[in-house]
Amino acid sequence: MHEILDSLNDRPGDADPDALRAEILKGLTDSQRAAVTATEGPVLVLAAAGSGKTRVITRRIAYLLGMGVPPWQILALTFTNKAAGEMRERVAHLLTDGPLSRMGSPERVLRGLTVTTFHALCARLLRKHADTMQGAPGWGLRHDFSIYDSDDQAALVKKVVVDLGMSTSNWPARSVLSLISGAKNDLMDARAFAARATDFNTKTIARIYEGYEKGLRLANAADFDDLLLLSVRMLKESAAAREQVQGRWRYLMIDEYQDTNKAQFVLSTLLVGKDEGQASPNVCVVGDPDQSIYAWRGADISNILDFEETYAGARVVPLGENFRSRAPILRAADTLIRNNKRRKHKDLFTKKPGGEKPRVILCKDERHEAAVVLEWLRSIVKPGQENGPAWKDFAVFYRNNSLSRVMEDALRGAAIPYVIARGTAFYEREEVKDAMAYLRLIANPADDVSLRRIANKPARKIGATALDRIESAAKQWGVAMFEAMRTADRVPDLGSAAASAVRKFVETVDSWTGAGSFLGAAVPASLHDLVSRVIRESGLEGHYKKAGEKNEEDADKADNLDEVITSALEFEKEYDAGNDPAYADEAGVIAAAPSGAEPPANEDAVPDFLGDLASDGVDVPTPATAGDSFVPPLLAVLRAYLESVALVADADKVDPARGAVTLMTLHAAKGLEFHGAAMIGLEEGLLPSARAMESDPAVEEERRLCFVGITRAMEHLIITSAKYRTQRGLMERTIPSRFLSELPKDGVTILDQSDDSGFGRFEDDDAQPAWGRTRGSFSTERASGGGFAEHKSVPSPFPVGSMVRHPQFGIGRVEAVTGAGANARAKIAFREAGSKTLVLQYARLEAVR
DNA sequence: GCTGAGTTTGTTTTT
DNA sequence: CAAACTCAGC
């Protein structure tokens, strides 16, 4: 051990291992210490909210390094890039200012340490090894694959549905995709899915799934789920890939383990070599079952609940002490979460004394609610006050993004700075996606979905019919559409005008890659050069400039295209400098692993992401379309760039929002903490969401979501509920969320401001509200079926229980009727087609006796 | 093939 | 209330 440590040390002898380790453990509680030092064998850290689990993980990494474990043997996986970035930063901090600084330069000590997300890891693994799987039946993925986001997925599903001769309105892409995604999360491919399908509905989905998979493979593309699914398959089937991975990492850490799905679970067992009979792998998972909020996208809470069974002899370390919130906030969270039936109880406690009770404020409507939040913010934040809390210490949480609007208006009106950690952002804009589609076509000429997107954008006389003809020719010839375009003259039925338009398009694309070897066309020298040429020469820039002049709304689209060039330039800089933490640190992932504890003789032999992809190595064959003049490194940079665009969520990039109140969804809030937090929209149908109200497990997940929100707050917490809320243009009476009545009666302050016109004053903190009265009103409202339920009294021509006939779905039984008039919908269980919700006005239903 | 007016439809959360 | 979609008219 000592020798290894010394070899890593610039100043050998300075880092006395014992002293070093003691220093790493300084300031930790006993249980945290136990979690950090249990380095051998499987460990489950049951971390409560605010118990310092990130701290535990970072110290654990430091501790391993301090024990002399080479950094390239350590792999830490997170769900978001933000979490990974933070963790890297914290480790780096320990190395520069903390105990590890005595071990040598951070670059040196960290070289090869892998801290990344599941998806990024899998993307790297696939880029590295996908080509070796070519022989496997139905594989079809090559190293230059595209990554499809939900838009691309939807486009593909729509196409498949149309090709199958079905209607896209009966089989909406979104819902079809969620089923397909669910299957993939459970590691079910199209065949396995089809084998299990029994009813008409599922059988049809299975057919779509099959076509969708074919489409993906034909386009040499992987969707988000594929990154995991195919990595698992590859590790199972390719001994070479498996050996390289398993020989490399000896210490695996997984954050937010409660959110892993089946694919991620299996992947993790493969990474640590459990399948290979590794009896007691060094895997350490950290999570909190009470914060599992991703069941809807396949997260399987039993992964964490059954950890001890999966890994025999696992050590369990509970971290119950909360270092974040004051006692009253913690008590509210604890009381709420106890209402969940399926859970392991964990005692939450804090040593922080005092603190104010969370406030529940019943408001008139959403505008009043925003005003209340504003007043609350102002009552605590005093600008100009030196050491007081600032805007950045506050956040507003909501269940869904649509609720942010009113809040934004209010904050803007009050000139309070704010940022939204929103889902829809830069890379989801139309013009940006267009530019990306061009780039993806260059990186992966088989990418038919991208090709279809931009072939006629801007309009260049390659219409839908022309594309369809090209596609059928391509299918016949067994090549990608872009390939077929090269011989446009031979595409059956393609008019000469269309053919020449196509020829011109191909020439344009080729001029960027040098593939056509046209005289005089200089090949781009750098990524941003390529990107700017694509944007200009494709005509996108002109197209959106023109659109901007005409239409006020499109005015900034051209600017956004400029921003794409800037982002490429920035990426390139970091990439060139080898400085991009998100990429440089993944170093080891794809490189030949130095196995064993011996550090490689030559430091340069430590695997490095840059060296691997940028060098003209065996792993990056020149694509068929690229001529000699297109140097592989540029293609590699392009691919890495596209990958970062696809895998780095925009919310991750939101600048740590200094100086501004943060607005975000409850999901986005997980893992963060704020001095003060406001949760808005605590109403039935919102939180819990309308969909969740149908089943108990779903309501429990909503409760956990609420729990997550509450536990983000350190000092101040307000929870609001509006009596009336306007949604999709309609103002409706609401019912206060059931979660409000699950908070401790005497543990929260209730302020009913839903009737009086004046805004309450917060100095009246101790004015105990009539909880009984309020509570009573909750229950009467629910009992009398006010609000949503009131529509139910309107008589329907199809009473619940009656039998109906639908021209397409056949005979079914009415399960429920909701809404009235034009809004009337019926949930019908069809014998063949399964259960569907139909709008009575449009569904041509017939009563059957 | 493009435009713009009119129509329909949908509602969670995201790597 | 939007976004997405449809379709007639150029």
Side-chain angles (χ1 to χ4, degrees), chain A residues 77-84 116-123 147-151 153-154 158 168-169 172-175 177-178 181 184-185 222-228 256 259-261 263-264 292-299 397-406 421-425 428 430 456-467 497-498 501 543 546-547 550-551 553 643 646-652 664-670 681 685-693 698 701-702 704-706 708-709 726-731 822-823 825 837 839 841-842:
Chain A
L77 290 177
T78 61
F79 275 80
T80 65
N81 286 285
K82 198 171 176 178
T116 188
T117 65
F118 275 97
H119 289 267
L121 175 87
C122 287
I147 299 174
Y148 277 4
D149 67 12
S150 56
D151 262 22
Q153 290 177 277
K158 264 181 208 164
T168 48
S169 54
R174 276 172 157 246
S175 27
L177 271 169
S178 82
S181 172
K184 287 191 179 191
N185 283 329
D223 62 22
F224 283 117
D225 304 313
D226 279 341
L227 293 178
L228 302 170
E256 308 285 13
D259 286 332
T260 50
N261 61 28
Q264 282 155 333
S292 154
I293 53 175
Y294 285 108
W296 54 271
R297 72 171 192 209
F397 305 138
Y398 34 81
R399 180 60 175 80
N400 63 34
N401 282 307
S402 67
L403 292 191
S404 73
R405 193 173 230 103
V406 185
R422 67 167 115 40
T424 30
E428 278 177 39
E430 179 195 7
N456 203 30
K457 198 160 186 177
R460 50 171 76 89
K461 304 213 184 261
I462 306 178
T465 5
L467 281 173
H543 174 75
K546 225 161 88 192
K550 246 199 229 165
N551 198 335
E553 277 169 27
E643 200 169 294
L647 295 180
V648 178
D650 228 64
D652 291 341
M664 65 177 103
T665 63
L666 284 164
H667 281 89
K670 197 171 69 160
L686 232 42
L687 183 64
S689 79
R691 273 178 164 210
M693 283 158 67
E701 179 151 319
E702 299 287 306
R704 289 194 290 268
L705 203 47
C706 194
V708 166
T726 308
Q727 278 198 298
R728 55 177 142 132
L730 287 175
M731 166 131 88
N823 264 331
R825 287 153 206 267
T837 302
V839 178
Q841 198 177 331
Y842 306 112

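Below, all heavy atoms of this structure are taken into account, side chains as well, without hydrogens, waters or symmetry copies. Just so it is clear: chains get the letters A, B, ... in the order the sequence lines come, proteins before strands, and each one is counted from 1. The structure displayed is predicted, hence computed values, not measured ones.
Note: CG (A/Asn81) to P (B/dT14) measures 15 Å, nearest angstrom. Rounded to a whole Å, the CG atom of A/Leu228 is 8 Å from the C1' atom of B/dT15. When rounded to the nearest whole Å, the span between CD of A/Gln153 and P of B/dT15 equals 14 Å. In this structure, the CG atom of A/Asp259 is 17 Å from the P atom of B/dT13, given to the nearest Å. Between the C1' atom of B/dT14 and the CD atom of A/Glu701 lies a distance of 13 Å, rounded to the nearest Å. Atom NZ of A/Lys184 and atom P of B/dT15 are 18 Å apart (whole Å).
In this pair, A/Tyr294 does not lay its aromatic ring on the base of B/dT14; centres under 5.5 Å and planes under 30 degrees do not both hold.
Within the nucleic acid shown, A/Leu687 has no heavy atom closer than 4.0 Å to any nucleic acid atom. Across all strands shown, A/Lys158 has heavy atoms under 4.0 Å from sugar-phosphate atoms exclusively, and none from any base. Residue-level contact check: A/Arg704 touches neither bases nor backbone, having no heavy atom under 4.0 Å from any strand. At the heavy-atom level, A/Asn456 lies under 4.0 Å from the strands shown only through sugar-phosphate atoms. In this structure, A/Ala690 reaches neither bases nor backbone, as no heavy-atom distance under 4.0 Å exists between it and the strands shown. Using a 4.0 Å heavy-atom cutoff across all strands shown, A/Phe79 reaches sugar-phosphate atoms only and no base atom.
Between A/Pro172 and A/Ala464, the residue anchored nearer the 5' end of DNA chain B, judged by the nucleotide with its closest heavy atom, is A/Ala464. Positionally, the nearest nucleotide of DNA chain B for A/Ser689 lies more toward the 5' end than for the other of A/Phe224 and A/Ser689.
Ring geometry for A/His667 against A/Trp296 counts as perpendicular: the plane angle is over 60°, on a 0 to 90° scale with 30° as the lower cut.
At a threshold of 4.5 Å between non-hydrogen side-chain atoms, the residues A/Leu647 and A/Thr117 do not count as touching.
The side chain to side chain contact (heavy atoms under 4.5 Å, CB included) test applied to A/Ala692 returns A/Ser689, A/Ala698, A/Glu702, not counting sequence neighbours. Checked against side-chain hydrogen bond (donor to acceptor under 3.5 Å, both in side chains), A/Tyr398 has no partners two or more places apart in sequence or in another chain. Remark: A/Ser178 pairs with no residue by the side chain to side chain contact (heavy atoms under 4.5 Å, CB included) rule, at least two apart or across chains. Evaluation of the ring-ring contact (aromatic ring centres under 6.0 Å, His included) rule for A/Phe118 yields A/Phe79 as partners, not counting sequence neighbours. With sequence neighbours left out, A/Asn456 forms a side chain to side chain contact (heavy atoms under 4.5 Å, CB included) with A/Ala459, A/Arg460, A/Ile462. Residues satisfying the side chain to side chain contact (heavy atoms under 4.5 Å, CB included) test with A/Asn185, not counting sequence neighbours, are A/Ser181, A/Asp225, A/Asn261. Considering only residues two or more places apart in sequence or on other chains, A/Thr465 meets the side-chain hydrogen bond (donor to acceptor under 3.5 Å, both in side chains) condition with none of them.
For DNA chain B, if you chain together Watson-Crick or G-U pairs that step i with j, i+1 with j-1 and so on, the runs of at least three with distances under 3.5 Å are B:1-10 with C:1-10.
For A/Asn401 and B/dT13, the shortest distance from a side-chain N or O to OP1 or OP2 is below 4.0 Å.
Of all nucleotides in DNA chain C, those with any atom nearer than 4.0 Å to a heavy atom of chain A start and finish, going 5' to 3', at C/dC1 to C/dC5.
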